[in-house]
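One structure is given below, encoded as structure tokens.
Proteins come first, then strands; the chains are lettered A, B, ... in the order of their sequence lines, and each starts at number 1.
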There are 2 protein chains.
Amino acid sequence: MRPRLKDVAEHAGVSIKTVSNVVNGYPHVSPDTRTRVEAAIAELRYQPNLSARNLRSGRSGVIALAVPDLSIPYFSELATKVIEVADLRGWTVLIDQTQGERRKEQLVMSGIRAQLIDGMLFSPLALTPEDLRARTDQTPMVLLGERIGGGTLDHIAVDNVAAAHLATTHLVALGRRRIAAIGAQRAARAVTAEQRLRGFRRALSDAGLSEHAVADVSDYHRADGAEAMARLLDGDPPDAVFCFNDTLALGALRTLLSHGLRVPRDVALIGFDDIEDGRFSTPTLTTIAPDKAHIAETAVSLLATRLSAAGAEPPQDLCAPHRLIVRESTATGA
Amino acid sequence: MRPRLKDVAEHAGVSIKTVSNVVNGYPHVSPDTRTRVEAAIAELRYQPNLSARNLRSGRSGVIALAVPDLSIPYFSELATKVIEVADLRGWTVLIDQTQGERRKEQLVMSGIRAQLIDGMLFSPLALTPEDLRARTDQTPMVLLGERIGGGTLDHIAVDNVAAAHLATTHLVALGRRRIAAIGAQRAARAVTAEQRLRGFRRALSDAGLSEHAVADVSDYHRADGAEAMARLLDGDPPDAVFCFNDTLALGALRTLLSHGLRVPRDVALIGFDDIEDGRFSTPTLTTIAPDKAHIAETAVSLLATRLSAAGAEPPQDLCAPHRLIVRESTATGA
DNA sequence: ATCGTTGTCTGCAACGTTGTAAACGGTCTA
DNA sequence: TAGACCGTTTACAACGTTGCAGACAACGAT
């Protein structure tokens, strides 16, 4: 059996509460007692029972991170960072996958794990602002990515409009004129896609260009990008394409190359997310890099604030930095 | 405040224990009472408090999955499957990343989360059989991948020797004669790498060929593969390469293409793991596909057995199926 | 000498749940 | 009709922890 406070107390010749005080860093414990208790803790290899502590204190030290799909590299890279940062605060991260399905997102949001966690970081895809308003669960929550909170929840994301504008402007600066986009979504709920589309269109009109084509996708995997690019090539082929994320771009790249087109010579390609794959594709992938570490750190620290100050401080709506990383898929010399 | 059993009991006009019985599916409850209790549960939106339940019952319904790094696609794909399968049993999965570092693996193995979890699935990289023998923590554990348990723990993995043999034999069948491998590891602990190397060598000697070259790597990321391939090209270039995983292969592919070599014409390439990236690279990547769904299901069910039967049933050592998937990187017509 | 103050330590109760055992009312059997 | 039996329901205690209130000793100020 695992040792309890009681065992440590008997071993050190003090009361249970004193051991608890030592464990919790309560200051008014004499150095002598403290040493004796610590020795007993070490000897018995005592570890606090988290269930009991949680039951008593209402805190579990566990936070949830809900993302659509870990097998999308952007989310697994983000998860890696979040776990790292949370670890520094002594928190354990529990990951929920929603597959971007509205039903699962509602489930997660409405507190299916509420008993287990102190708070959650949530990266919704299909959820509507109404869904969020209808939320009754009180678990503190920080939104990542989609700006659908309507100012009712803490939120951190890149400025998608500005980032998409930057990406598109880069293509324009290469001298391309028939610029297409891949990644729009029919579902009116897909706020991120909508914002990137808006940035794309604004950049084109700023440059005095008209939109060459926009391809819808139903999901953001490689296969969707490959298939969307095939549709674009069926019509009047573009000379540059902005893909709303890197996996779409890698799928599109595959289609371009297998159609015998050269990248960037015939078609320049830019993605979004800066996932590791894009650094090793051929050609390597130009992309917009959101500062994932910054997002993870900010998200966790927003949650920490929310957890400590139960007060009604107004929710914050923060912006993460992004930058353009130029690689071979838009290189000029090629 | 969240409703408790007590609130539901009062609302339904029964005792706390009766509500508990209904919640837990205890059979001897009259249909009438059951209906009334269920109505009260629904109305108050009662959800059991997991901390209390865990404290009382000693079970948390949470299992840990410890892997080196989620940003390695193989592990994120595996994690996705494990979460799915665990969900069917009503379990929540908590993910620990070890970075393949021995110290972190020891930490995880020795029960750092023991208070929180009922059992764990562990995919070690750097751990030695001695580390495992020195383990004192009693949390049930199932090993994935590395066969270092020495028969003391449940274990599921593909037959790495046979799989590597299959991969190498495929290259031989293409008519290649200068066949190299990428992915050996200096650290004697890396059992998986060792087994794949053994299968590689056995296949070559079965074919009457001698080993062209073997490149060591320190890690299994794309960058390591790219760098290892560069070293191979410095010497007498191979006409085929077996990479011990797909990310290594994609890195190697990058180096080959940027050196102006054609794949598979000049160099045929085969990987291991069947990650999604390999289906969309150019050329697409031939690979050995371990049955990840099978691994996830088996691992979770091994753990379930171990959890229910506290008895000393002998640990099982199981083998997951694998198959060869031929794609462009070893296509014959090219 | 008395009183309040400070620092250290302790006992008690409670967090919400479930296992155990026992109570209750009814039906069946002798 | 008494006793045994069964299905249903209940009270109680315990899981290991921490907040609270207070006990106790030592000390300084009056």
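- Atoms CG (A:D7) and P (D:dG16) sit 9 Å apart, rounded to a whole Å.
- Residues forming a side chain to side chain donor-acceptor pair (under 3.5 Å) with B:S15 (at least two apart in sequence, or on another chain): B:T18.
- Listed by first and then second residue, the salt bridge (Lys or Arg N to Asp or Glu O under 4.0 Å) pairs that reach into residues 73-98 of chain B are B:E77-B:K292, B:D96-B:R113, sequence neighbours excluded.
- For the pair B:P31 and B:S57, nearest-nucleotide mapping onto DNA chain D gives the more 5' position to B:P31.
- Residue-level contact check: B:S30 touches the backbone only, with heavy atoms under 4.0 Å from sugar-phosphate atoms and none from bases.
- For B:R45 and A:D137, the salt-bridge test fails: no basic side-chain N is under 4.0 Å from an acidic carboxylate O.
- Counting to the nearest Å, the P atom of D:dG19 and the CG atom of A:L5 are 12 Å from each other.
- Distance CG (A:N49) to C1' (C:dC15): 13 Å, rounded to an integer number of Å.
- In this structure, CZ of A:R2 is placed 13 Å from C1' of D:dG16, rounded to the nearest angstrom.
- Listed by chain and number, the residues in a side chain to side chain donor-acceptor pair (under 3.5 Å) with B:K104 amount to none (sequence neighbours excluded).
- B:P140 is linked by a side chain to side chain contact (heavy atoms under 4.5 Å, CB included) to B:L303, B:R306, B:L307, counting only residues two or more places apart in sequence or in another chain.
- With sequence neighbours excluded, the residues satisfying side chain to side chain donor-acceptor pair (under 3.5 Å) with A:S60 are A:D118.
- In this structure B:E43 satisfies the side chain to side chain contact (heavy atoms under 4.5 Å, CB included) test together with B:H11, sequence neighbours excluded.
- At whole-Å resolution of the value, CG in A:L50 and P in D:dT17 are 10 Å apart.
- For A:A157, the side chain to side chain contact (heavy atoms under 4.5 Å, CB included) test picks out A:H155, with sequence neighbours left out.
- Atom-to-atom, NZ of B:K6 to P of C:dT18 comes out at 17 Å; the value is rounded to the nearest Å.
- With sequence neighbours left out, A:D131 forms a side chain to side chain contact (heavy atoms under 4.5 Å, CB included) with A:R102, A:Q106, A:L127, A:T128.
- Of all the residues in residues 19-27 of chain B, B:N21, B:Y26 reach under 4.0 Å from DNA chain D with at least one non-hydrogen atom.
- Proximity note for B:L55 (side chain, C-beta onward) versus D:dT9, D:dC15, C:dG11: the nearest is D:dC15.
- Taking 4.0 angstrom as the limit, B:T18 places a side-chain polar atom (N or O) nearer than this to OP1 or OP2 of D:dT10.
- In this structure A:E297 satisfies the side chain to side chain donor-acceptor pair (under 3.5 Å) test with no other residue, sequence neighbours excluded.
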* **Stepwise side chain to side chain contact (heavy atoms under 4.5 Å, CB included) test for B:W91 and B:V85** => CA-CA 9 Å; B:W91 291 348; B:V85 180; over 6 Å; no
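- Heavy-atom minimum distance, B:P68 versus B:S123: CD-O, 3.7 Å.
- Judged by distance alone, with hydrogens and angles left aside, A:R56 brings no side-chain donor or acceptor close enough to the base of D:dT17 to form a pair under 3.5 Å.
- A donor and an acceptor atom sit less than 3.5 Å apart, one in the side chain of A:K17 and one in the base of D:dG19.
- Of all the residues in residues 32-46 of chain B, B:T33 reach under 4.0 Å from DNA chain D with at least one non-hydrogen atom.
- Below the 3.5 angstrom threshold, one finds no donor paired with an acceptor across the side chain of B:R53 and the base of C:dT17.
- For the pair A:N54 CG and C:dG16 C1', the interatomic distance rounds to 11 Å; values are reported in whole Å.
- Computed from coordinates, the A:R59 CZ to D:dG19 C1' distance equals 15 Å when rounded to whole Å.
- In the helix from C:dA1-D:dT30 to C:dA30-D:dT1, the rotation axis of the first five pairs and that of the last five pairs differ in direction by 60°, rounded to 10 degrees.
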